[in-house]
Amino acid sequence: MYEVRFYRDEIENSNKKSFLVVYKETDIWVCVNKEKYTKELEEFTFREVKQLRTELEKYILKDPLYQTTFSPYTIGEQSPTIAKRMSEVASIANVGPMAAVAGAFSEFIGKAIEKRFGLDEIIVENGGDIYVNSREDIIISIFAGYSPLSNKIKVLIKKDKLPLGICTSSGTVGHSFSYGKADAVVVICKDAALADSLATALCNKVKKEHDIELVLEESKKITEILGCLIILKDKIGMQGCITLVN
């Protein structure tokens with residue numbers, strides 16, 4: 001078992017190799033088994049990040065509302081694959097397409113690496129939004145800004161649930177816009193882009209402590225959500241495939 005933290009410098013296993021790919025504002029962290037790492041893998045990842053970013057930027061130049069709307073937004077079949085996927089999952093979550101961008105990049109990059117290099121163990125993290133595949137159980141420590149629970153809550157994810165998207169939205173951390181006040185809303189789905197959109201949508205609804213239970217009940221009705229965890233100040237709630245560990 002190895003331990004995954006949302007912020008990158010705490011992988012506790014000498015058998016892992018991580019690297020960072022930065023292109024413009026996109027900042028992707030990748031972790032693989034050390035024996036599977038090659039310079040070619042890192043170069044391939046950079047090319048994939050650049051291509052995805054370029055495709056999305058070119059599309060936004062043609063359709064700027066895609067980037068700014070906070071509402072679901074349908075686009076044409078001839079649009080770039082990543083733009084279409086972000087639009088699709090945003091419609092499910094009832095948010096704008098850009099709510100899915102970090103999770104979409106994590107999953108697209110992760111699956112491209114898996115396909116190209118035949119990997120079955122990988123972590124790809126983009127701004128706290130993770131695509132993970134592993135043959136081992138993993139533990140995630142939740143970063144929740146100034147909450148006294150930040151980095152003190154550890155969640156066990158069983159290997160038989162993987163691969164997964166594990167995405168976090170916050171009303172108090174980071175530059176992304178949120179209507180909510182939660183320090184962290186973590187959503188686990190099979191699809192990282194969808195998990196990102198749904199985390200945004202649920203975080204928007206957590207403004208006071210009594211909202212935690214209401215939003216968790218709402219999350220139970222969304223069949224794609226395998227697990228949800230909410231932290232607001234010193235309060236926490238969770239449901240689904242989430243087991244807390246020491």
Side-chain angles (χ1 to χ4, degrees), residues 4-11 18-31 45 48-49 52-53 56 67 82-83 85-90 92-93 95-114 122-134 138-145 150-151 153 155 157 161-178 180 182-204 219 222 224-231 240-242:
V4 182
R5 310 247 179 188
F6 276 9
Y7 290 88
R8 301 170 176 173
D9 55 356
E10 300 187 43
I11 287 285
S18 64
F19 59 90
L20 188 63
V21 169
V22 178
Y23 178 69
K24 296 186 177 180
E25 293 84 9
T26 302
D27 182 326
I28 301 281
W29 180 86
V30 180
C31 182
T45 304
E48 288 293 306
V49 170
L52 286 176
R53 173 97 190 200
L56 194 56
Q67 185 179 28
I82 191 164
R85 185 59 186 153
M86 289 164 57
S87 180
E88 290 165 358
V89 297
I92 295 171
V95 293
M98 293 302 290
V101 65
F105 267 65
S106 290
E107 179 144 335
F108 273 58
I109 295 299
K111 289 187 172 180
I113 293 171
E114 287 176 333
I122 187 170
I123 307 163
V124 181
E125 184 261 337
N126 183 17
D129 296 316
I130 296 173
Y131 170 78
V132 58
N133 196 4
S134 177
I138 65 169
I139 294 174
I140 294 171
S141 178
I142 308 300
F143 178 75
S150 187
N151 285 329
I153 302 299
V155 175
I157 307 293
K161 300 291 185 182
L162 301 171
L164 289 173
I166 306 171
C167 296
T168 304
S169 183
S170 176
T172 62
V173 179
H175 62 272
S176 298
F177 177 81
S178 175
D183 293 293
V185 174
V186 181
V187 170
I188 301 174
C189 296
K190 277 296 185 182
D191 183 290
L194 180 58
D196 198 2
S197 289
L198 289 168
T200 298
L202 295 178
C203 187
N204 283 339
S219 75
I222 303 171
E224 295 89 347
I225 294 180
L226 303 179
C228 181
L229 181 146
I230 300 172
I231 295 174
C241 69
I242 292 178

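Hydrogens, waters and symmetry mates play no part in the numbers below; they use all other heavy atoms, side chains included. It should be emphasised that the depicted structure is a prediction, and the values quoted were computed from it without experimental measurement. Throughout, residue positions are numbered sequentially from 1 according to the sequence presented.
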Is there side-chain contact between Ile123 and Ile130, with heavy atoms separated by less than 4.5 Å?
yes
Quick one: pull up CD1 in Ile188 and CG in Leu164 and give me the separation to the nearest 0.5 Å.
6.5 Å
Please examine the side chains of Ser141 and Ile153, heavy atoms only from C-beta on, and report whether any two atoms are closer than 4.5 Å.
no
Using side-chain contact (heavy atoms from CB on, under 4.5 Å), reason through Leu20 and Asp27 one step at a time and then give a plain yes or no.
CA-CA 7 Å; Leu20 188 63; Asp27 182 326; 2.9 Å; yes
Going by the salt bridge (Lys or Arg N to Asp or Glu O under 4.0 Å) test, which pairs reach into residues 95-104, not counting sequence neighbours?
none
Just by distance, no angles: are the side chains of Glu48 and Tyr23 close enough, under 3.5 Å, to form a donor-acceptor pair?
no
Any donor-acceptor N/O pair, Glu125 side chain to Gly127 backbone, under 3.5 Å:
yes
Taking every non-hydrogen atom, the tightest pair across Cys203 and Gly171
SG-N, 3.6 Å
Just verifying a value: how many Å separate Ile142 CD1 and Ser170 OG, rounded to the nearest 0.5 Å?
12.0 Å
Which heavy atom of Met98 sits nearest to which heavy atom of Gln67, and what is that distance?
CG-O, 3.5 Å
Could you measure the distance from the CG atom of Leu198 to the SG atom of Cys228? Nearest 0.5 Å is fine.
9.0 Å
Taking only residues two or more places apart in sequence or in another chain, which ones pass side-chain hydrogen bond (donor to acceptor under 3.5 Å, both in side chains) with Ser219?
Gln239
Could you list all the side-chain hydrogen bond (donor to acceptor under 3.5 Å, both in side chains) pairs where at least one residue sits in residues 190-199, not counting sequence neighbours?
Arg85-Asp191
Step by step, work out the side-chain contact (heavy atoms from CB on, under 4.5 Å) result for Cys167 and Val186.
CA-CA 6 Å; Cys167 296; Val186 181; over 6 Å; no
State the CD1-CD1 distance between Ile140 and Ile166, to the nearest 0.5 angstrom.
3.0 Å
Show me the side-chain donor-acceptor pairs of residues 101-109 shorter than 3.5 Å, one per line, residues at least two apart or across chains.
| residue | atom | partner | partner atom | Å |
| --- | --- | --- | --- | --- |
| Ser106 | OG | Ala102 | O | 3.2 |
| Ser106 | OG | Asn126 | N | 3.4 |
| Ser106 | OG | Asp129 | O | 2.8 |
| Glu107 | OE1 | Ala192 | N | 2.6 |
| Glu107 | OE2 | Lys111 | NZ | 2.9 |

What residues, two or more places apart in sequence or in another chain, satisfy side-chain contact (heavy atoms from CB on, under 4.5 Å) together with Ala144?
Ser147, Ser150, Asp183, Ala184, Ile231
Contacts of type side-chain hydrogen bond (donor to acceptor under 3.5 Å, both in side chains), residue Thr26, not counting sequence neighbours:
Arg53
Pairwise distance OG(Ser169) to CG(Leu202) - rounded to 0.5 angstrom
9.0 Å
Residues Tyr131 and Gly110: closest non-hydrogen pair is CD2-CA, 3.8 Å
Atom pair CD1/CD1 of Ile157 and Ile242 - distance to nearest 0.5 Å:
6.5 Å
Among Ile138, Ile122, Val124, find the one that has a side-chain contact (heavy atoms from CB on, under 4.5 Å) with Asn133.
Ile122
How close do Met86 and Pro97 get, heavy atom to heavy atom, and via which atoms?
CE-O, 3.4 Å
